[in-house]
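Okay, so here's the structure we're looking at.
Side chains are part of it too, since the values below use all heavy atoms of this structure and drop only hydrogens, waters and symmetry mates. Residue numbers run from 1 in the order of the sequence given.
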Amino acid sequence: MIAFISGPVAALAPDAAVVEVGGVGMAVQCTPGTLAALRVGEHTRLAVSLVVREDSLTLYGFADDDERQVFELLQTASGVGPRLAQAMLAMHRPDALRSAVAQGDEKALTAVPGIGRRGAQRLLLELAGRLGEPTGTAPTGPPAGAAAPTPWSSQLHAALVGLGYAPREAEEAIAAVTPQVEAAAADGVTPSVSTLLRAALRTLNRAR
């Protein structure tokens, strides 16, 4: 099993990074939050999980070993594959997921694209006791007097800045895709951050 990869970042994409390891470019699927911390040309170390399928070998990368462990534990629940587990970590930090399971917070799970109310109820039952207790290291809320940021917008902003765009450009792109989010919300749907990232990149490319 490959536990981690280490090397310079060769390329970044909306949902993946290429890390050069011993002269070989390793493509690693990552959440927007993980990608936001990477810079092309800079050295990185990613904890990874190798998912083996009949027709593919896919590496999923994480900021630390805790994220990787939670990613693998999430997949012990029925119906949770690597894509859904990654989407859960894109929306919530590991400790936030532990807290949601410990508190039976359906709303936190249904905020993840692809998880409905029944699916959230089932996951709360199946994951109970599997993720461990919250460590207390995750942020518990916004600073006093500050408004809580919309999860998708803060993640999208971090991903765009991580891809090299200026904060102002990131804010303009978020404003451009906000109507798309609001329209989807009216239909009871939450677009994934990766979908919004692709839409934001299209608006930025048109502006240049």
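Side-chain contact of Thr58 with Gln29: a donor-acceptor pair under 3.5 Å is absent, judged by distance alone. Between the side chains of Glu106 and Gln121, at least one donor N or O sits under 3.5 Å from an acceptor N or O.
For the pair Leu127 and Leu74, the minimum side-chain heavy-atom distance is below 4.5 Å. Taking 4.5 Å as the limit, every side-chain heavy atom of Glu42 sits out of range of all side-chain heavy atoms of Pro8. Under the 4.5 Å side-chain criterion, counting only non-hydrogen atoms from C-beta, Leu97 is in contact with Leu109. Using a 4.5 Å heavy-atom cutoff, the side chains of Asp15 and Gln86 are not in contact. Considering only heavy atoms from C-beta on, Asp65 comes within 4.5 Å of Arg68 through its side chain. With contacts defined as side-chain heavy-atom distances shorter than 4.5 Å, the pair Leu46/Phe62 does not qualify.
The local environment of CZ in Arg130 is crowded, with over 12 non-hydrogen atoms from other residues, nucleotides or ligands closer than 6.0 Å.
Between Thr203 and Ala176, the shortest heavy-atom distance links the atoms CG2-CB, 4.0 Å. Heavy-atom minimum distance, Pro82 versus Arg53: CD-NH2, 3.3 Å. Closest non-hydrogen pair, His92 versus Ala111, comes out as NE2-CB, 4.5 Å. Between Thr178 and Ile174, the shortest heavy-atom contact is OG1-O, 2.7 Å. Contact detail for Ala47 and Asp64: the closest heavy-atom pair is CB-O, 3.6 Å. Nearest heavy atoms, Met91 versus Val112: CB-CG2, 4.0 Å.
No donor-acceptor pair closer than 3.5 Å links the side chain of Glu171 to the backbone N or O of Arg168. With hydrogens and angles ignored, the 3.5 Å screen pairs no side-chain donor or acceptor of Arg83 with any backbone N or O of Val80. Of the possible polar contacts, one joining the Gln75 side chain to the Phe71 backbone as a donor-acceptor pair under 3.5 Å is found. A donor-acceptor distance shorter than 3.5 angstrom exists from the side chain of Arg98 to the backbone of Leu131, with no hydrogens or angles considered.
Taking the ring axis of Phe4 as reference, the NZ or CZ atom of Arg45 stays within 45° of it and closer than 6.0 Å to the ring centre.
Atoms CG and CG, from Leu124 and Asp105 in turn, are 8.0 Å apart once rounded to the nearest 0.5 Å.
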